[in-house]
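The structure appears right after this line, and notes come after that.
Heavy atoms only: backbone and side chains are in, while hydrogens, waters and symmetry mates are out. Position 1 is the first residue of the sequence; numbering continues from there. We count ligands from 1, going down the list as the structure has it; atoms in each ligand are counted the same way.
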Amino acid sequence: MTMDRIPLIAGNWKMNGAVAESVALARAVAAGVAPGCELLVCPPAVLIPPVVAALKGSAVAVGGQDCHFAESGAHTGDIAAVMLVDAGCSHVILGHSERRADHGESDELVRAKTEAAHAAGLIAIVCVGETLAERDGGETLTRISSQIEGSLPDAVTAENTVIAYEPVWAIGTGRTASPADVEEVHAHIRADVERRFGKGVAAGVRILYGGSMKPSNAAELLAIDGVDGGLIGGASLKAEDFLSIATSCP
Ligand code: PEP
């Protein structure tokens, strides 16, 4: 972690929660805000308004878990980036492996969504990560490079984009990548970003690690060179665990 990149600890609540418990969770997170890092929670879409209201005046930001690439129109069930902004969001997670798997999202689609997020003024958290078969086949770095190349639009800056490295096999499984593997992939991503977007963007862009991060392993993962925070699923559903991870930021 360099001095210039403030760590971001982002909670992906996925498809969990109802109004009362989500408001309570948001309030508990806000009450324990950890100095030295930025905190973000990403509730399911229908819970964004009550969570935004609960977090009003706090330092905790709110994000969506997906958006459509179009601004409006005949897209039943989808949500536009501008709607997330209107609801009080500052960020949106895009290209999460669960969306890539459940909804067949391609790099091209993730790129179009990222463009829409940027146009709406959202910070896009673009997720990349290899499957276990790809890791076992020695294809991790080429897979990551092709996702980075295909999913990021040309207008990426250090301010409008965060990259999340999430090995698919480590999400929700209790398994984490080794510190050496995480360091290697993060350095690889930063080198790809430098080649395409230049030194300034590469030096400033935050690259998060995600995949079974929890209080017991957060300090080790967050201390790895090139890791600028975490995208946290399961452990973000308990304020105590989420805040414990946040206070582990170096
Ligand atoms: C995620 O869904 O982005 C994630 C990292 O989940 P978990 O922390 O539960 O592995």
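Ordered by chain and residue number, the residues placing a heavy atom less than 4.0 Å from ligand 1 are Asn12, Lys14, His96, Glu166, Ala170, Ile171, Gly172, Gly210, Gly211, Ser212, Leu231, Ile232, Gly233, Gly234.
Side chain of Ser58 to backbone of Leu55: a donor-acceptor contact under 3.5 angstrom is found.
Taken together through direct or relayed side-chain contacts under 4.5 Å among Ile, Leu, Val, Met, Phe, Trp and Tyr, Leu221 and Phe242 form part of one hydrophobic cluster. No chain of hydrophobic side-chain contacts below 4.5 Å, direct or via other Ile, Leu, Val, Met, Phe, Trp or Tyr residues, connects Leu84 to Val162. The hydrophobic clustering, which links ILVMFWY residues whose side-chain heavy atoms are closer than 4.5 Å, places Ile9 and Ile123 apart.
In this structure the side chain of Tyr209 never reaches within 4.5 angstrom of the side chain of Leu231, judged on heavy atoms. Annotation: side chain of Ile93 is in contact with side chain of Cys127 (closest heavy-atom distance under 4.5 Å).
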